[in-house]
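Excluded from the calculations below are hydrogen atoms, water molecules and symmetry mates; all remaining heavy atoms, backbone and side chain alike, are included.
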Amino acid sequence: MTITRHDFNDLAKVGKKKREAPFSLRLTFEERAKLEAAANGVPLGAYIKAVLFDGDLSKVRRRNTNPVADHAALGRVLASLGNSRLSNNLNQLARAVNTGTLPVHPEIEAELLNACADIAEMRNELLRALGSDGGP
């Protein structure tokens, strides 16, 4: 028995459910803004279906509509991290602390405090860029 391309296409269609045509709705800018505000981050299609058909919105994944509040601040943080050897230096410090070979005298302590302040500033900039004040 030989299977032709036509037979193969027919076999591929078996068991496939035909999808309904999509529905389109035209809205004014004001209407869409109201709809998006009411949806509160829920994708509009899911929100409309839930409202029309008494669906459960608790299962719908919401997207973050404003992930970065300040692109300039985020750029500064990423530039600082890119120009630093922070991860390598922290790893070396952790290794020295774990082996007991880190001599702690006032100069080293001051450098560690400065590093901690730099890291805290990067954290604050990153939180500002992401639109958070750092609170719980």
Side-chain angles (χ1 to χ4, degrees):
M1 177 175 150
T2 351
I3 296 179
T4 65
R5 185 183 340 173
H6 180 69
D7 294 330
F8 182 74
N9 287 340
D10 287 344
L11 288 173
K13 291 178 186 177
V14 173
K16 284 192 179 181
K17 189 175 178 184
K18 191 171 186 178
R19 290 186 62 151
E20 295 291 326
F23 178 78
S24 177
L25 174 67
R26 294 184 188 268
L27 301 170
T28 65
F29 288 111
E30 293 81 15
E31 290 169 334
R32 180 162 181 143
K34 279 183 177 178
L35 185 60
E36 287 175 344
N40 193 28
V42 173
L44 292 182
Y47 177 75
I48 292 168
K49 280 199 265 184
V51 169
L52 287 176
F53 304 114
D54 296 323
D56 183 13
L57 282 175
S58 65
K59 297 177 184 174
V60 176
R61 287 181 40 204
R62 287 168 171 76
R63 62 179 177 252
N64 191 349
T65 56
N66 191 12
V68 178
D70 185 350
H71 288 278
L74 183 58
R76 286 192 301 272
V77 170
L78 293 176
S80 292
L81 288 173
N83 290 329
S84 75
R85 294 177 34 88
L86 187 61
S87 61
N88 188 37
N89 292 344
L90 286 174
N91 188 38
Q92 290 175 0
L93 284 171
R95 185 177 298 129
V97 166
N98 287 333
T99 61
T101 60
L102 180 66
V104 181
H105 49 79
E107 182 181 303
I108 294 292
E109 186 176 353
E111 287 179 18
L112 288 172
L113 290 173
N114 286 337
C116 289
D118 290 343
I119 292 168
E121 181 58 30
M122 283 186 250
R123 177 188 180 277
N124 291 336
E125 285 285 333
L126 185 57
L127 289 172
R128 270 194 292 277
L130 295 173
S132 174
D133 61 3

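- Note: the hydrophobic cluster containing V51 also contains F53 (ILVMFWY, side chain heavy atoms under 4.5 Å, direct or indirect links).
- Taking a cutoff of 4.0 Å between a charged side-chain nitrogen and a carboxylate oxygen, E30 and K34 do not qualify as a salt bridge.
- Here the closest heavy-atom approach between residue R26 and residue E31 is recorded as O-OE1, 4.4 Å.
- Between V42 and Y47, the shortest heavy-atom contact is CG1-N, 3.9 Å.
- Contact record, R32 with L44: NH2-CD1, 3.6 Å, taken as the closest heavy-atom pair.
- N88 CG to L93 CG: the interatomic distance, rounded to the nearest 0.5 Å, is 10.0 Å.
- Rounding to the nearest 0.5 angstrom, the gap separating the OG1 atom in T101 from the CD atom in Q92 is 10.5 Å.
- E107 is listed as a side-chain neighbour of E111, based on a closest heavy-atom distance under 4.5 Å.
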